[in-house]
Each structure stands twice: as C-alpha cells, then as structure tokens.
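What follows is a short report on a single structure.
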There are 2 protein chains.
Amino acid sequence: MPINAVFEALAHPVRRQVLALLRQRPMSAGELAGHFPLSKPTLSAHFAKLRDAGLVVVERQGTTLVYHLNMSILEEALSGLLAFRERDQ
Amino acid sequence: MPINAVFEALAHPVRRQVLALLRQRPMSAGELAGHFPLSKPTLSAHFAKLRDAGLVVVERQGTTLVYHLNMSILEEALSGLLAFRERDQ
DNA sequence: CTGCTAATTAGTCAATCTACTAAATATCGT
DNA sequence: ACGATATTTAGTAGATTGACTAATTAGCAG
C-alpha cells in the first residue's frame, strides 16, 4: 500500500468528507452518495481511490456494498508525516 | 489559508521530500533543487505550492531565497485529520 | 429466468498538473 | 551601468483528474 496513494486520496475534499462520514459509522455506497450533489459513478470513482489507498475497506451485504473506515492506514500516514521519516516521505 | 491547499500540497512526493529536507534546516531554492533530478523552474513551481499552502515561508538573503519549514500549518492539518472535525475536511 | 435495485465499469470531455526550455526579474560586485 | 548568479515567470505539451451519461455486472425476489 504505497503511502503516496494515501496522500493522493486525502487531496480531494469530497474524499476527506467521505472519511469523516465513515468515522460516524459504516455506510453503503448509495447512502454515502446521498450526501453529495454528484452522480453515483463519480462517487464510485472516489471510493475506488480510498480503497486503493487502503483508507476504507468494503464488505458486501446482499446487493449493497458497505464501506468501513480503516483508521490504521490513516494513522500510519499521519505518524509518518509527524515523524517525517526519510524512508518514503 | 484553506486547509485544502495543505492537503493538495502534500499530495506530491517531491513536495513531501522538500518538507523532509527543510525539517533538517532551512535551505535555499538552489540547494533544495540540487536534491532532485528536475529543472529549477519545476522545483520553483513546487515551492510555490508549498508557499501557497503556508507549509513553508521564504526569506531573502541577498540574491538567494531561503525556505523555512512552517510546522504549525502542518500540525494544524494533522490535528484536523486526527480529530476529523466536521468543519472542513 | 425475468425483472428490480445497487453499484461499478466504459467512454468522453474540459480542466488541472507536472515537466520542459526560454525569457524575465532581482541582487550583488566591479 | 554591466555582468554574473539565483530564482521566478511565461509559454507549451503530454498525462492525469474529476465530472457526466450510458452500459454492464451482481445479487435477490418472484
């Protein structure tokens, strides 16, 4: 899970808002999409970036996909930034 | 200083590496540029994004411009992310 | 298996990003 | 004022992003 993907995922306000919503509780793609004035395919692409970064994990429940926040990846990126390890930056 | 500019500035590995270098000590644009296989104008554009985000401040010393890390802005963004304030993110 | 709902994938387009080279600006020393 | 050095600004090209609509896939109910 390259750390670069995490920072790129965090670079868009919609994706940060998705993370904020998921912090309250897991939500389906449709429920999340209802919080934004954007089409579902557009949101789906945002979800994909968050998934690729490992910031969220997805679980299928019948026909709906439920997204969960993965705090550990976020904390990893934050600690990397705080410590400014030379490793990857 | 919109928080969004901070996250966008952090989204590029070269800019994160610049911050890591400045964490050691302030450096001139030229010295920073020497650490990357990129043209000076390209680095100058990266510096501009870091400046716009408030992550670095610049001080002129004769003919050279010396960049300093501005940790407080970085910590502000991090704490916002850790706390996940609904405010902006 | 047909139809219905949930969500993603495909395809497109305008805008932004990142790199480059060439030109301009700023400061210092003579 | 001139020339040298440090850095940015201007202009350009190719790649990526973020939005949309239309089409596809996945699962469930009858």
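When reading the values below, keep in mind they use all heavy atoms of this one structure, side chains included, and skip hydrogens, waters and symmetry mates. Chain letters run A, B, ... following the sequence lines, proteins first, then strands; residues in each count from 1.
- Of the candidates C/dT8, D/dT8, C/dA6, C/dT8 carries the atom nearest the A/Phe47 side chain, counting heavy atoms from C-beta on.
- The residue among B/Gly30 and A/Ala11 whose nearest nucleotide of DNA chain D lies closer to the 5′ end is B/Gly30.
- Checking the phosphate oxygens (OP1, OP2) of D/dA6, no side-chain nitrogen or oxygen of B/Tyr67 falls inside 4.0 Å.
- The listed nucleotides are D/dT5, D/dT17, D/dT7; the one nearest the side chain of A/Glu8 is D/dT17.
- Grouping the Ile, Leu, Val, Met, Phe, Trp and Tyr side chains by contacts below 4.5 angstrom, directly or via other members, places B/Met71 apart from B/Val66.
- Under the side-chain contact (heavy atoms from CB on, under 4.5 Å) rule, A/Tyr67 has a single partner from A/Val57, A/Val18, A/Leu50, A/Leu32, which is A/Leu32.
- One N or O on the side chain of A/Arg15 and one on the backbone of A/Ala9 form a donor-acceptor pair closer than 3.5 Å.
- D/dC28 atom P lies 11 Å from atom CD of A/Gln61, rounded to whole Å.
- Remark: of the listed residues A/Thr64, A/Leu65, A/Thr63, A/Thr64 is the sole one forming a side-chain contact (heavy atoms from CB on, under 4.5 Å) with A/Gln61.
- Between B/Ser28 and D/dA6, a side-chain N or O to OP1/OP2 separation shorter than 4.0 Å is absent.
- In this structure, CG of A/Asp52 is placed 15 Å from C1' of D/dT16, rounded to the nearest angstrom.
- In this entry the distance linking CG of B/Leu65 with P of C/dT27 reads 9 Å, nearest Å.
- The CG-P distance, from A/Leu50 to D/dT17, rounds to 14 Å in whole Å.
- Between the CG atom of A/Leu32 and the C1' atom of C/dT8 there is a distance of 15 Å, given to the nearest Å.
- Nearest heavy-atom pair across A/Ala53 and A/Val6 is O-CG2, 3.6 Å.
- OP1 or OP2 of C/dT18 sits under 4.0 Å from a side-chain N or O of B/Arg15.
- Ion pairing between A/Arg25 and A/Glu31 holds under the 4.0 Å rule for side-chain N and carboxylate O.
- Contacts of residues 34-46 of chain A with DNA chain D (heavy atom under 4.0 Å): A/Leu38, A/Ser39, A/Pro41, A/Thr42, A/His46.
- For B/Arg60 and C/dA26, the CZ to P distance is 8 Å, given to the nearest whole Å.
- Separating the CD atom of A/Glu31 from the P atom of C/dT5 is a distance of 19 Å, rounded to the nearest angstrom.
- The side chain of B/Ala29 approaches D/dT7 more closely than any other nucleotide in the set D/dG18, C/dT8, D/dT7.
- Between the side chains of B/His35 and B/Gln17, no donor N or O sits under 3.5 Å from an acceptor N or O.
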